[in-house]
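Values reported hereafter were calculated over all heavy atoms of this structure, with side chains retained and with hydrogens, waters and symmetry mates removed. When a ligand or atom number is given, it counts from 1 through the structure's own listing order. Computed from a prediction, not measured in an experiment: that's the story for all the values here.
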Amino acid sequence: MISNKLFKTLVTVTCLLLSFALVFGSLGSKVNAAVQDKTWEEIKKRGVLKVGLSADYAPLEFESHKNGKREYVGIDIDIAKKIAKDNGLKLEIVNMNFDSLLGALKTGKIDMIISGMTPTPERKKEVDFSDSYLKSGQTMVVKKTNIDKYKSLKDFANKRIGAQKQTTQEELAKNEIENADIQSMTRLPEVIMALKSGKTDGAIIEGPVAEAYLQQNPELGFAKVKFSEPDKDTCIALPKESPIFLDKLNTSIKDIKDKGLITKYKESAAQAMEDDGSFFTKYSSFFITGIKNTILISIIGVVLGAVFGAILALMKLSSFKPLKWLATVYIEFIRGTPLLVQVFLVFFGTTAALGLDISAMICGMIAMVINCAAYIAEIIRAGINAVDKGQTEAARSLGLGYGQTMKTIILPQAIKNILPALGNEFVTVIKESSIVSVIGVSEIMFNAQVVQGASFDPFTPLLVAAILYFILTFVLSRVMYFFEGRMKVSD
Ligand code: ARG
C-alpha cells in the first residue's frame with residue numbers, strides 16, 4: 001500500500017518536474033534563439049556582406065564589360081545589392097565555381113549564396129534557404145540540326161547528356177532520362193562547348209539561362225520535350241541557425257516582390273547582355289588583369305619557394321636526424337599530393353581549421369609557395385650533391401670549416417646547376433598557377449572562364465588563355481637560355 005502511494009507521488013513529482021523543465025527549456029531556447037545569430041553578428045561587426053556566386057549564369061549573374069568597365073551584373077547581383085543597402089552593409093562578391101559554393105558557405109568563407117540556387121532536400125540538410133524570389137523551368141538544349149530527332153525525353157535514353165556539376169539539372173538527367181550517360185562539367189560554358197563540339201547530344205539548362213546562351217549561339221535550339229518536374233524555386237542559401245539574418249533576407253525579398261523590382265532587374269540584365277564592340281575591345285581588360293596576377297603569383301611562388309626550399313634543402317642535407325626527417329616528410333608529402341588538393345586545403349583550411357579570414361589571392365599564393373618550396377628544395381639539394389665530393393674533401397683538408405666550405409666552395413658551384421633548373425621550375429609554376437583559378441583567384445585561367453560566361457563563347461577565351469600562357473613561358477625560357485649561355489662563357 002505504502003509503496004504504491006509512494007510510487008504515485010514519485011510519478012507525479014517527476015511528471016511535474018519534467019513539464020517544468022520542458023516549458024522553461026523551450027522558453028529558454030526561444031529567448032536564446034532570438035538573440036543568438038552568430039552569422040548576423042559577424043556580418044554586422046564586419047560591415048561587409050560576403051556573397052558567393054558562380055558568375056556563369058546570365059541573366060542571373062555574369063560579368064559585364066560595358067564601356068571597358070567590368071562589373072558583376074544580373075538579377076541576383078541586384079538582389080544582393082538591395083539586401084546590402086537595406087541593411088547598411090558593403091557588398092563583397094566572391095565568384096567561384098558552383099560546386100564549391102556550399103563548402104564555402106559551410107566553412108564561413110561567404111555569408112550567403114545567391115547563385116540561382118534551387119533548394120533541395122539534400123541541400124536543406126546542410127544550409128537554410130530564404131523565401132523564393134524566382135521560378136524557372138528546365139529545358140533540353142540541342143544542336144538545331146538535331147531538333148527533329150528528339151520528340152520526347154525517351155528519345156534521349158542512352159544518350160550523352162551535359163549538365164553543370166552538382167546542380168539540380170544533373171539530378172534531372174539522372175531521374176528523368178533512362179540510362180543517361182551524364183557528362184557533368186564545372187562551369188556552364190563548358191556544358192555549352194561540349195554540346196557545340198558534339199561531345200554531348202543534349203544539355204539540361206534552366207530556362208532563362210538557356211535563352212541567354214541561345215541568343216549568342218544561333219546553332220543551338222530547344223528540343224521539344226517536357227520534364228515532368230514543375231518549375232523550381234530559386235532562393236538564397238545561408239548558414240543554419242541564423243534566424244535574424246534569414247529574417248533580414250526575407251524582408252528584402254518581400255520588398256522586392258511588393259515593388260515588382262524583379263522585372264526591372266530582368267530588364268537591366270538584358271541590357272547588360274547586349275553586344276557592343278569586338279571580342280578584344282570588350283575583354284582585353286580581363287586578360288590583362290589575368291596576366292598581371294599570373295605573373296605576380298608565379299614570382300611570389302618561385303621567390304618565396306626558393307627561400308623556403310633552400311632552408312628545406314639544408315635541413316635535408318644536415319646530419320641532425322630530426323631536421324632531416326622533417327624536411328623529407330614535408331617534401332615527399334607535397335610532391336606526392338596534387339596541387340589542386342593543396343589549393344583547396346589551404347583555401348578551406350585557413351577558415352575552417354584556423355579561423356583566419358584570408359582572401360583567395362593570398363590563399364592561392366600560400367598554396368603555390370608551399371608547393372614550390374618542396375620542388376625547389378629538391379632542385380637545390382640535387383644541385384649541391386652534384387658538386388664533386390673531391391671539392392669538399394679538398395676544402396676541408398685545407399682547414400676550412402663546414403660552413404666556410406659550403407659558402408666559398410660548394411654553393412658557388414652548385415648555383416650553376418641550380419639556376420637553370422630553377423628557371424624550368426618558374427616555367428612550370430606559370431602553367432600550374434592556373435589551378436588556383438578554382439578558388440576564384442583572378443589569374444589568366446580564371447579570367448578566361450569569366451569571359452566564357454560573359455561572351456557565351458566557350459572556345460575563344462580558352463584559345464586566348466593558351467596563347468598568353470605560351471607567350472609567357474616562351475619568353476621566359478628564351479631569357480633563361482640567354483643567361484645559361486652567358487654562364488657557360490663565364491666558365
Ligand atoms: N538551379 C540549379 C541548382 O540550384 C543550377 C544553379 C546554377 N547556378 C550557377 N550560378 N551556375 O542546382
Side-chain angles (χ1 to χ4, degrees), residues 51-64 72-80 93-106 110 112-141 161-176 182-195 203-213 227 229-238 262 265-266 269 272-273 437-440 446 449-456 458:
V51 175
L53 49 84
S54 166
D56 56 358
Y57 222 55
L60 289 171
E61 49 260 325
F62 56 108
E63 274 203 48
S64 121
Y72 292 105
V73 290
I75 301 169
D76 281 349
I77 310 286
D78 284 335
I79 297 177
I93 287 174
V94 187
N95 180 14
M96 56 178 109
N97 292 339
F98 187 76
D99 61 354
S100 301
L101 285 170
L102 280 175
L105 183 63
K106 289 201 71 178
I110 50 178
M112 65 181 228
I113 303 171
I114 183 159
S115 199
M117 193 175 262
T118 315
T120 62
E122 297 84 59
R123 287 177 184 161
K124 279 184 180 159
K125 275 184 217 149
E126 310 290 322
V127 297
D128 275 351
F129 283 97
S130 72
D131 293 340
S132 165
Y133 58 86
L134 202 72
K135 277 202 184 284
S136 50
Q138 312 297 322
T139 66
M140 177 72 89
V141 178
I161 307 296
Q164 189 173 22
K165 227 184 223 160
Q166 300 269 310
T167 60
T168 46
Q169 286 69 42
E170 194 184 28
E171 274 302 295
L172 213 55
K174 260 182 229 156
N175 298 339
E176 301 215 4
I182 302 172
Q183 312 274 329
S184 306
M185 277 150 268
T186 315
R187 299 186 68 85
L188 203 58
E190 296 167 29
V191 177
I192 302 285
M193 183 151 60
L195 181 63
I204 305 184
I205 301 174
E206 234 148 359
V209 182
E211 262 157 40
Y213 275 93
F227 291 97
E229 286 189 41
D231 287 0
K232 295 259 180 77
D233 284 325
T234 311
C235 303
I236 299 173
L238 69 160
I262 292 277
Y265 296 166
K266 274 186 190 157
M273 266 157 57
S437 63
V438 293
I439 54 170
F446 179 83
Q449 291 175 341
V450 170
V451 175
Q452 282 185 316
S455 64
F456 310 97

Check Gln138, Lys232, Lys174 against Gln169 for a side-chain hydrogen bond (donor to acceptor under 3.5 Å, both in side chains) and give me the one that passes.
Gln138
Write down, by chain and number, every protein residue that brings a non-hydrogen atom to less than 4.0 Å from an atom of ligand 1.
Ser54, Asp56, Tyr57, Glu61, Phe98, Ser115, Gly116, Met117, Thr118, Arg123, Gln164, Thr167, Thr168, Gln169, Glu206
State which residues pass ring pair (Phe, Tyr, Trp, His ring centres under 6.0 Å) with Phe62; sequence neighbours excluded, sorted by chain then number.
none
Can a salt bridge be assigned to the pair Arg123 and Glu126 using a cut-off of 4.0 Å between side-chain N and carboxylate O?
no
What I want to check is whether the side chains of Tyr57 and Gln164 have a donor and an acceptor closer together than 3.5 Å.
no
Could you please spell out the steps behind the side-chain hydrogen bond (donor to acceptor under 3.5 Å, both in side chains) verdict for Tyr133 and Asp76?
CA-CA 10 Å; Tyr133 58 86; Asp76 281 349; 2.6 Å; yes
Assess whether side chain to side chain contact (heavy atoms under 4.5 Å, CB included) is satisfied between Leu238 and Val127, documenting all intermediate values.
CA-CA 6 Å; Leu238 69 160; Val127 297; over 6 Å; no
